[in-house]
Structure formats: structure tokens, C-alpha cells
Enquirer: 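Can you keep this structure in mind? I'll have questions shortly.
Every chain is numbered from 1 and lettered A, B, ... according to where its sequence line falls, protein lines coming before strand lines. All heavy atoms count here, side chains included; hydrogens, waters and symmetry mates do not.
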Amino acid sequence: MNYDKVINLALERGFYFPSCEAYNNSPAGFWEYGPNGVSLKNKFLELWRRELVRRDGMMEIDGSQIMAKSVFEASGHLASFADPIVRCVKCSSTFRADRMIAESNGTIIPESADLKEFDEVIHKNGILCPRCQGPLDKTRKFNMMFRIGIGPEGEDAYLRPETCQSIFVDFPRLYKTMRGKLPVGVAQVGKSFRNEISPRQSLLRLREFYQAEIEIFCNPDKLHDTARLERVRDVVLHIDNNDITCKDAVENGILPNEFIAYYIGILAEFYQKTGISMEKSRFRQLGEKEKAFYASVAFDFEVETTIGWLELVACNYRTDYDLGGHAKHSGESFQVIDGDQKVLPHVFEMSMGIDRSLYCILEHSLMEDENNNRTVLSLKPYLAPRHVGVLSLVKKDGLREKTDTIYESLNRKYDAFLDHAGAIGRRYRRLDEVGCPFAITVDHQTLQDDTVTLRERDTMNQRRVSLSDLDYTLSEYLAFPV
RNA sequence: GCGGUCAUAGUAUAGCCUGGUUAGUAUGUUGGCCUUCCAAGCCAAUUACCCGGGUUCAAAUCCCGGUGACCGCACCA
């Protein structure tokens, strides 16, 4: 299935759509989730909590989206989350200053260098616009963080460009009050904000987007954690073009240690359960130039879609970059006691893009069933926005009332959807399209023996189920995997 | 940000070149009739010219500007 089909489904069936549609000057890069999208997202996050947060005994927090300027001085975002750009006065093309200079005469200036250095090199060498040979304006920095003003004085603060900074800043309190013991994971789900130059492709490149981040604080001397690795030793990873178990990946040096292998393992098991095709997924180790400024080792979890490979999760070993930075800037201690050792913990993170993950789930789940002339969103039942359709075969003879009663008995526990209108086949098709895995239909026999037909989405098979068994049957079918 | 293409109902489209129609069609949606399990049929209703300015007696149509989308470049923790 392709991008166009997915976005069409998203627009038509209330998964997601552009923000502020009524206003024609609304900027790009902002999208909203409709009812089916929210329901899918909630269930995806419930799976995430089950498979990662609860499985590993992590803590979850919910931090502020607006954070003090100091936080981003310490984190390096003010200096490094920005590109030096230079603009042509004549044709107003904009270039990355460091790259343009390198291409023009081979001078390598680090992108984090002082802006004057760029201007000096441009001036001395008489570098002109590579496109039109026009003169170049002064180099300036484009920071991708949204700056905002707090209070009447408009004091500088920023919308967070990643959710994890509050995890780092909160770490000492969490560790003390929640009886922390290394290694300990802290997780957070929420919005992050980046002022992308050109947002594209709906959920895939947003200016305001959801992240689910996990930061695992660990003792750098204790990364050969064989006991943990045992739990996922046989999980097969597709990594750098090999299919290899977690255990073998460590032994062959593909993964640096048991600790990281364990987390990569549970992450892989989580994604397996989302319905994203594992044959179209891979882990990829990033080279020196691709890595983020804080990472010493980095793996991306990537998924192949009809518009290419998408990065869904960035797994970074951030060392003590963050806690060290915050300790230095705040003057607070971020060291903790681990056994008889005083350590500044290192951090391994799994930073997940939720919106992109949801897109991949949709694209990998959407099917065209030519034989039955229908579109089916073959979601895992536990992720389906609607669990069960509750339909009356016809409205008359008391069937409507009976159906309403059954619906009311289900709709607190399940995402049930009541529908009396139109031909039964049409109603089944509509449910198929939003991924509803089951439908029960009330017919005249129901009035006699309290049974209904239970129709299964993927096979279209039907069987009769007694109303007294319905709750049990549904709860079995819709349960999250163990 | 740059270049190219484009913008008409929830969705897909006709009409634009050559200005004047009640802005057409399909599908969807809603209500009704019919109907005892897979997009049937019939009746009715419903919904649109991206925004601003200009030209003109008259603009969906021509011109300018803006915004957005798609593709390419660049960018992308």
C-alpha cells in the first residue's frame, strides 16, 4: 500500500488531517489526530508501556513543554541545534555555510564554529553564490528551536526540541524519591517542537510532533549485563544486513555490549507486536558524520515504506554528556551511589517517533482485498481504533432496541461502534476500513435464543456466539499479547 | 529557503485555453422505502470554485501577490 492511499484513508476516516484547515494561512508542519487516530495512538502507547516501560520496570514522567534557556545551554542545543546559513543577496538562495565553503575551496570549518570564521573565509577567498555568482550576505545561525517569551518581560525560554531533557534534569529527584537503583529507565511521552525549514509529508516531518523517549541511566562499568541479555538472547535482529540473535550480535561485536543488546532486543519485540513488517525493518549503525552531537554509539531503527526508509527510533549511547552538562551548568550534583561506588551515570536512550510509527503501522496494515471488493486495515486487534461493531441486521421487529441494549453492555469496556443504517455489507466494509477486527450482528434469531453472529474482519468468517459468552470471547480476542 | 507543477463538496474529478451555465458528474454522508448477513435498488436531502487585490458591465475562468500541497535541490538529534 502506498503513501497516497494512507493519507486518503487518514483524511476520509478521521485518523489525521492538517491543522487549522479553515484558515488558508495556516503554516505547514502541523497536523491533528481525529477520533480514529487518537484511539490508535492511545493503544500504540499502551503497547509501548506494556512492552518497554512496565516490562523493564521503568518510571514514567510527564514534563513541561516549555523549558528554561539554561537547560538548552547545558544540553548544547543553543549552540549545536542550529545550522550556520548564508544567503545570496542577489538570488536569495540559502546555503549551509560550512558545506558551501567546503565545496567552493575545500576549507573545512566545523559547523559549530564562530560565525565570524565563516565570514572571514568567504571574504578572503572571494566566495560568491554558487548558483548565480552574486555576493553573499553575512553568515547567521538558524536555530531549530522555537523561542518564546515568558511573562511581561518576555524572558527567553524554548519549546523543547526533544522530550528527554526533563528526564535528565529531573533525574536526581527521581532517583532519590523513587528509590532508584542503577540501571534505571525513565520514560516520557509528549510533544516536541522543531522549527523545520520545510516540513513535508504529513506525519513524517512535523514541526510539532510526539515522541516516546526512554533514557536508561546506567553505571558505565557494568555494561556487560549477561543476566538481562538472557531474557532476549534469541530475539532475532536484522542489523547491518545480518539476521542475528541478540546474543550473537554481542559476541560478534555488532553490538557493543550486553546492556545495549538487551534494550535493542526488547525494542525489536515491541515493534514486532505493532504489526509493522519485520521483513521491512532494520537496525542500522550510524557513522561518525551521521550521529547526533551527543552520541558515542548510535543505532537507528528504520522501516521501509513506499516513500523510502523511515527512521522511527534513534538509539543513542549518550555517555555522561547530558548529566555532566547539567551538573556543570546548574552547579547541582548529578552523581549517585551504585553499590559502594559514586558514579555519574551514563545514558542509553531509545527515542521513538510516534507519528512516524503510526504511519508505518497504517501503511503496512492497509490491504486491498480485490476478491471481496473492499479495503481492509488489518491492524492487530489490540491496536484497532474500534474493537467491535454492534449492528442490527434490520431495524424493525425490536432488533434495533435489542442491539442498543447489547451496545450499552459493551461500550464501557470496549471501543464499540453502534450502527443501524444501510445495507449490512456496507456497514461491514466501513468497519473493515478503520481496522475494526470484529462485528456482531443482531438478527431475529437473537430474539429467540440470545445469540449473535460474530464476524471476523480479515477472514470474513462468521460464527454464532451466545450473548453470555460475548464478553469473554471478545476479551480473549482483543487482549494485548503477553 | 530555491526551482518546477498544482489548488473546484468528505473523497475523486468536469468546466478554465476562447470570461456570461442554475458550477456538471461519480462516490460518500444523512433521512425514507425495501431488505433475514457482505459496497444491490428506488426516493429525497446535503456539501465546493484556497485567500487578498487588480482588469472587466461581468471572473472558478485573465493578471499580480499571499498561503498550502506534490516533486526535485537543500535541510532533517
Enquirer: What parts of residues 351-369 of chain A reach RNA chain B, counting only heavy atoms under 4.0 Å away?
Expert: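 Within residues 351-369 of chain A, no residue comes under 4.0 Å of RNA chain B.
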
Enquirer: For RNA chain B, what are the stems built from at least three Watson-Crick or G-U pairs in a row, each pair having both distances below 3.5 Å?
Expert: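 The stems that RNA chain B takes part in, listed by first number, are B:1-7 with B:67-73, B:10-13 with B:24-27, B:28-33 with B:41-46, B:50-54 with B:62-66.
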
Enquirer: State whether the distance check finds a donor on one side and an acceptor on the other, under 3.5 Å, for side chain A:Arg455 versus base B:C37.
Expert: no

Enquirer: What interatomic distance, in whole Å, is found between C1' of B:U47 and the corresponding atom of B:U8?
Expert: 12 Å

Enquirer: Specify the separation, in whole Å, of atom CG of A:Asn8 and atom P of B:C70.
Expert: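 It is 14 Å, rounded to the nearest whole Å.
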
Enquirer: For the side chain of A:Asn373, counting heavy atoms from C-beta on, which of B:A39, B:U11, B:C38 is nearest?
Expert: B:A39

Enquirer: With nearest nucleotide decided by heavy atoms, which residue, A:His77 or A:Tyr428, maps closer to the 5′ end of RNA chain B?
Expert: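 The residue whose closest nucleotide sits nearer the 5' end is A:Tyr428.
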
Enquirer: Using the C1' atom as the point on both nucleotides, what is the distance between B:A58 and B:U21, in whole Å?
Expert: 14 Å

Enquirer: Mark yes or no: A:Arg455 above the aromatic ring of A:Tyr428, with NZ or CZ under 6.0 Å from the six-membered ring centre and no more than 45 degrees from the axis.
Expert: yes

Enquirer: So, does the side chain of A:Asp443 form a donor-acceptor pair with the base of B:C37 at under 3.5 Å?
Expert: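 By the distance-only test, yes, there is a pair.
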
Enquirer: Any pair with a residue in residues 356-377 of chain A that passes ring pair (Phe, Tyr, Trp, His ring centres under 6.0 Å), sequence neighbours left out, goes on the list, sorted by first then second residue, please.
Expert: A:Tyr3-A:Tyr359

Enquirer: Would the base of B:C76 count as contacting A:Glu196 through its side chain, where contact means a donor and an acceptor less than 3.5 Å apart?
Expert: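 Side chain to base: no pair below 3.5 Å.
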
Enquirer: Taking 4.0 Å as the cut-off, does a side-chain nitrogen or oxygen of A:Arg426 come that near to OP1 or OP2 on B:U29?
Expert: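 Looking at the OP1 and OP2 atoms of B:U29, one of them is under 4.0 Å from a side-chain N or O of A:Arg426.
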
Enquirer: In whole angstrom, give the distance that lies between atom CD of A:Glu302 and atom P of B:A77.
Expert: 13 Å

Enquirer: Quick check for you: to the nearest 0.5 Å, what is the distance between A:Leu40 atom CG and A:Leu358 atom CG?
Expert: 5.0 Å

Enquirer: Over all strands shown, is A:Ala28 touching base, sugar-phosphate only, or nothing at heavy-atom distances under 4.0 angstrom?
Expert: sugar-phosphate

Enquirer: Between A:Asp419 and A:Arg386, is the closest basic N to carboxylate O distance under 4.0 Å?
Expert: no

Enquirer: Is there a side-chain contact between A:Arg430 and the phosphate of B:U29, meaning an N or O under 4.0 Å from OP1 or OP2?
Expert: yes

Enquirer: What's the shortest heavy-atom distance between A:Asp355 and A:Leu203, and which atoms?
Expert: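 Heavy atoms only, the tightest pair is CB-O, 3.6 Å.
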
Enquirer: Looking only at atom C1', what distance separates B:G1 and B:A74, rounded to whole Å?
Expert: 8 Å

Enquirer: With rounding to the closest Å, how many angstrom separate the P atoms on B:G10 and B:G3?
Expert: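 B:G10 and B:G3 have their P atoms separated by 32 Å.
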
Enquirer: For B:A59 versus B:G19, give the span between their C1' atoms, rounded off to a whole number of Å.
Expert: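 These two C1' atoms come out 6 Å apart once rounded.
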
Enquirer: Judged by atom type as modelled, is there a donor-acceptor pair below 3.5 Å linking the side chain of A:Arg427 to the main-chain atoms of A:Ser392?
Expert: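 Yes, the answer is positive, given that a donor and an acceptor are paired below the 3.5 Å cut-off.
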
Enquirer: Have a look at A:Lys5 and say if it touches a base, only the backbone sugar-phosphate, or nothing, with a 4.0 Å heavy-atom cut-off.
Expert: nothing

Enquirer: Can a donor-acceptor pair be found, under 3.5 Å and without considering hydrogens, that links the side chain of A:Gln188 to the backbone of A:Glu213?
Expert: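 Absent.
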
Enquirer: In whole Å, I'd like the distance from the OH atom of A:Tyr3 to the C1' atom of B:C70.
Expert: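 It is 9 Å, rounded to the nearest whole Å.
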
Enquirer: With rounding to the closest Å, how many angstrom separate the P atoms on B:A48 and B:U25?
Expert: 15 Å

Enquirer: What distance, rounded to whole Å, do you find between the two C1' atoms, one in B:A23 and one in B:G15?
Expert: 7 Å

Enquirer: A:Pro161 near the nucleic acid: base, sugar-phosphate alone, or nothing, with a heavy-atom cut-off under 4.0 Å?
Expert: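 Contact class for A:Pro161: none.
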
Enquirer: Would you mind classifying the nucleic acid contact of A:Arg194 as base, sugar-phosphate or nothing, using non-hydrogen atoms under 4.0 angstrom?
Expert: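 If one applies the 4.0 Å heavy-atom cut-off, A:Arg194 turns out to touch the sugar-phosphate alone, with no base involved.
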
Enquirer: Does the pair A:Leu410 and A:Leu474 meet the rule for a side chain to side chain contact (heavy atoms under 4.5 Å, CB included), with working shown?
Expert: CA-CA 10 Å; A:Leu410 294 172; A:Leu474 286 174; 4.1 Å; yes

Enquirer: Considering only the P atoms, how many Å lie between B:G28 and B:C6, rounded to the nearest integer?
Expert: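 It works out to 31 Å between them.
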
Enquirer: Just compare B:U36, B:C76, B:A39 and give me whichever is closest to any side-chain atom of A:His444.
Expert: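 My answer, after comparing the listed nucleotides, is B:U36.
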
Enquirer: Counting heavy atoms not belonging to A:Asn241, are there more than 12 under 6.0 Å from its CG?
Expert: no

Enquirer: Separation of A:Arg427 atom CZ from B:G28 atom C1', in whole Å?
Expert: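 Whole-Å distance recorded here is 17 Å.
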
Enquirer: Within this structure, what is the CE-to-C1' distance between A:Met460 and B:C37, rounded to whole angstrom?
Expert: 10 Å

Enquirer: When all nucleic acid strands are considered with a 4.0 Å heavy-atom cut-off, which category describes A:Phe209: base, sugar-phosphate, or nothing?
Expert: nothing

Enquirer: Show the nearest heavy-atom pair for residues A:Phe209 and A:Phe193, with the distance to one decimal.
Expert: CE2-N, 4.2 Å

Enquirer: Return the nearest nucleotide to the side chain of A:Val394; candidates are B:C75, B:A12, B:U35.
Expert: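 So the side chain of A:Val394 is nearest to B:U35.
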
Enquirer: Report the distance from atom CD of A:Gln445 to atom C1' of B:C37, rounded to the nearest whole Å.
Expert: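 Taking atom C1' of B:C37 as the reference, CD of A:Gln445 is at 12 Å.
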
Enquirer: By nearest heavy atom, map A:Glu162 and A:Glu12 onto RNA chain B; which one lands nearer the 5' end?
Expert: A:Glu12

Enquirer: With respect to the phosphate group of B:U35, does any side-chain polar atom (N or O) of A:Lys395 fall under 4.0 Å of OP1 or OP2?
Expert: no

Enquirer: To the closest 0.5 Å, what do you measure between NZ (A:Lys69) and CD1 (A:Ile148)?
Expert: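 It comes to 13.5 Å.
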
Enquirer: Could you please name the option among B:C76, B:C38, B:A77 that lies closest to any side-chain atom of A:Arg429?
Expert: B:C38

Enquirer: What integer distance in Å separates A:Leu431:CG from B:A39:P?
Expert: 14 Å

Enquirer: For A:Gln201, report the nucleic acid contact type (base, sugar-phosphate, nothing); a contact means any heavy atom under 4.0 Å.
Expert: sugar-phosphate

Enquirer: For a side chain to side chain contact (heavy atoms under 4.5 Å, CB included) check, start with the C-alpha distance between A:Leu78 and A:Tyr158, then their side-chain angles and the critical distance, and finish with the verdict.
Expert: CA-CA 10 Å; A:Leu78 269 174; A:Tyr158 294 86; 3.3 Å; yes

Enquirer: Round to the nearest Å and state the distance from A:Asn195 atom CG to B:C75 atom C1'.
Expert: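 Value for this atom pair: 12 Å.
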
